[in-house]
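Contents: one structure, followed by commentary.
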Amino acid sequence: MDFLEGLNSQQREAVTHVGGPLLILAGAGSGKTRVITHRIAYLIHAHGVPPWNIVAVTFTNKAADEMRERVEKLLGGSYSLRGLVVSTFHSFCVRLLRRDGARLADVRPGFTRDFTIYDEDDQLAVIKAVYRHLGLDEKHFMQYRAALSRISYAKNHKQTPDDFLKSAKDPKSRQLGVVFEEYEGRLRQANALDFDDLLLETVRLLQFDEDTRRAYNERISHLLIDEYQDTNRSQYELMRLLTQTHQNVCVVGDEDQSIYSWRGADIRNILDFERDYPDAVTIRLEQNYRSTKTILAAAGAVVANNKERKGKTLWTAGPAGQKVGIYQALDGENEALFIADTIDRLISDDPSDRVAVLYRTNFQSRQIEEALRRYGRPYKVVGGFSFYQRAEIKDVLAYLKVIVSPQDSISLLRIINTPARGIGKSTVEQVERYALEHDLDLWQAIVRMLEEKRFPTRAEAALEAFRKLIEELREIAAVEPVDAVIRAVLDRTGYLATLKRDDSPDAESRVENLEELANAAAEAAERGEGIAEFLDHAALVADADSVDEQAQISLLTIHNAKGLEFPIVFIAGLEEGLFPHIRSLESESGMEEERRLCYVGMTRAQKRLFLTWARYRRRFGGGHSEPCIPSRFLSEVPAELTEALGRNEPAEVNLAAEQFLVRESVRRTTYTGKTYNSLDNIAEFFASRGRGREVAPPPPPQAKPVVVPPPAPPKPAARSSGKLTTGSVIQHPVYGRGTVVRREGDGEDAKLTVSFPGYGLKKLIAKYAGLKTGK
DNA sequence: TGATTGTTTGCTCCA
DNA sequence: CAAACAATCA
């Protein structure tokens, strides 16, 4: 096994330098994932390091899975990788706390290893409750999110509510200190940890509990940390605490790609590594294997405007490539149409090219999605509104949380009257008041109040039924696997029945989502996961984990694009106030971070890069357009590396020349219904549009629109749907060819489960999906 | 109590 | 425009 083959000399050095701290400064596209995976394989193979002595930390779960697979592949199956830990910091901490966290109770009273994880929505619910209790409101005091971010900042800087109160000078800060205090109190009472706590409490445990610390130090002989530039203070301390015995820590990062300071990432961690570990060896990877010379030079010129950096020069042996395309659109719609039109042409030329459309904020995806739909081009959106954020999913998960941890009052509040079971606002308030007075969690309060017969008869019956329900579910949970528990929740709470009674398309998709959740649970159960692990997974999945690298067109924020590469990249919305974002304009450091973000975005491109901006953009859906100033980043790209598209070169793209004409036709065809943000919903999209309406046949799919094609309407219902049986091959307007794997019902109303290569299983209603029998 | 309607207000980025 | 909240009515 030769792990050094195909590596350049710096990469080799990074792989083979063993013993002592190592800092790898890896520029964009310099093959750092490759270095890490090869290094792990090398440690195991050449140095006989047992896999269970190695811990590698990555930024996303997906990156972790991939890294593991790549190491496995490198070692060619001749080693078992049992015990090798590759995960995110957060997953690592959760596992550590669940396994060895019992003694944390000594420093965090009430803590048990069954703790719940509070995500941002839960945190918001806590803050809202605290505000309500203190008689504060968002308008006169502070926005919920602002308060949360201040609290998070304080926590990450090792401030307790007490410290905070002591250092508070003005009344507002003092008030916030009280909010902070109560926020922490409520989390403790619920035995819940927020995302900050997961890291912080692990640090505290390791500091306080010498046995655990020693055990982990002995076990971990080699620690590797990816994306080191985005670690925060607790992650840094964790690294220090875990490398006390062996100092074999290898960190890989690039200060030019630090884009998470708002999450506490501290760029000093990487800038000061050599000071923290005086015997550290530093290796620079400066050869880029990803982008063309032009793209690299353009991105480098932008980031060169930053002052806070070590400074490095990336070079590539690759071709010069085409110039960076810059397009000035009239407005957001026109920008989206330009992007869709250009993608359509590029993909028609070379279907193997994958394209990414990157943007600063999620809301920008909407218009681009609409434009792509009009061109009939399937796409995948990463992030935005994720599966686990949907109300129905959160509801069911809240039931699970309450089942596992009765103290979890936030989840309890969520489900106490969902579906409606006669426990109204006033009853809930009564319970809350009682709980507060007697220092109980809500569940305890309910039980006690029932015993003391404190409710009017109607409320009492409802609450008694609720208590029974939860207790029954708990009994089921004690013996049954997760998926069975979810089924029980869906059935016994009447949740599913309530949804099924509702015949809106919305309710229908909710049922499907729940179906999906149950499937996911069944898979988890097969892997031997319990409820707690399933919940952990749901809490720790990231948007970026859902990236589909096969997708031909991906829409995602630049943040989510970190670590990825695409042959063709568009960055949309390069306007002052949007990118750089308005909230970063005030401070120099905020500005520099935006610039790094721009650098990250640009360096995702392998062959072709387009930067677009709009002269007018609407802030809110219905409002009027506001004029925009082109982003400063556009002018930081040297003019000789760019070419203006549209306006001056109608041959290149016809849209600009016809801008106003385009707008006319766009106005007529704009779809004003619900927004859909993922490919999964496209079938539904077509379905709801086709309902009860006469529609013209769609344009031929491959037609090259000169200006803007009419929206691709759904194809008329296939008359032949009666013939569709298991095994039939059909043609879908979006997913292409697929095979029917299951059928429920007959004729036009038949529900089909179809397997589409590249998209997986999709459930379709024959009548609405616009299917044709394929050849 | 709970569903329906009316009104307001708002857009970072994310594990 | 659309979610979130408030107010109103059954």
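Chain naming here is simple, since letters A, B, ... match the order of the sequence lines and numbering starts at 1 in each.
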*Round to the nearest Å and state the distance from A:E138 atom CD to B:dG10 atom C1'.*
10 Å
*Pick the C1' atom in C:dA4 and in B:dC13, then give their distance to the nearest Å.*
22 Å
_Protein-nucleotide distance (A:E333, atom CD; C:dC1, atom P), rounded to Å_ = 12 Å
All N/O contacts under 3.5 Å from nucleotides 12-15 of chain B to the protein, with atom names and distances to one decimal?
residue : atom : partner : partner atom : Å
B:dT12  : OP1  : A:R583  : NH1          : 2.8
B:dT12  : OP2  : A:R583  : NH1          : 2.8
B:dT12  : O2   : A:R360  : NH1          : 3.1
B:dT12  : O2   : A:R360  : NH2          : 2.2
B:dC13  : OP1  : A:N362  : N            : 2.5
B:dC13  : OP1  : A:N362  : ND2          : 3.4
B:dC13  : O4'  : A:R360  : NH2          : 3.4
B:dC13  : O2   : A:W262  : NE1          : 2.9
B:dC13  : O2   : A:R360  : NH2          : 2.9
B:dC14  : OP1  : A:T557  : OG1          : 3.0
B:dC14  : OP1  : A:N560  : ND2          : 2.8
B:dC14  : OP2  : A:N362  : ND2          : 3.4
B:dC14  : N4   : A:E120  : OE1          : 3.4

*Working to the nearest 0.5 Å, report the span between OG of A:S509 and CZ of A:R390.*
7.0 Å
*A:R366 CZ to C:dA3 P: how many Å, rounded?*
10 Å
*asked:* Base, sugar-phosphate or nothing for A:K128? Non-hydrogen atoms, less than 4.0 Å.
replied: sugar-phosphate
Using atom names, set out every protein N or O paired with an N or O of nucleotides 1-6 of chain B below 3.5 Å, distance rounded to 0.1 Å.
residue : atom : partner : partner atom : Å
B:dT1   : OP1  : A:T427  : OG1          : 2.2
B:dT1   : OP2  : A:S426  : OG           : 2.2
B:dG2   : OP1  : A:G422  : N            : 2.5
B:dG2   : OP2  : A:N417  : ND2          : 2.8

*asked:* List the residues meeting salt bridge (Lys or Arg N to Asp or Glu O under 4.0 Å) with A:E227, not counting sequence neighbours, and say none if there are none.
replied: A:K32, A:K562
*Apply side-chain hydrogen bond (donor to acceptor under 3.5 Å, both in side chains) to A:T361 and list each qualifying residue two or more places apart in sequence or on a separate chain.*
A:Q364
*Ion pair check, A:K139 and A:D137, cut-off under 4.0 Å*: no
*Are A:R98 and A:F115 in a cation-pi setup, meaning NZ or CZ lies under 6.0 angstrom from the ring centre and within 45 degrees of the ring axis?*
yes
*Can you list the residues that meet the salt bridge (Lys or Arg N to Asp or Glu O under 4.0 Å) rule with A:D545, with sequence neighbours excluded?*
none
_Atom-pair distance (CZ on A:F385; P on C:dA4), nearest Å_ = 8 Å
*Lys/Arg-Asp/Glu bridge criterion (N-O < 4.0 Å) met for A:E201, A:R204*: yes
What side-chain donor-acceptor pairs closer than 3.5 Å can you find for residues 456-464 of chain A, not counting sequence neighbours?
residue : atom : partner : partner atom : Å
A:E464  : OE2  : A:R467  : NE           : 3.4
A:E464  : OE2  : A:R467  : NH2          : 2.8

*Write down the distance separating the C1' atoms in B:dC11 and C:dA6, rounded off to the nearest Å.*
23 Å
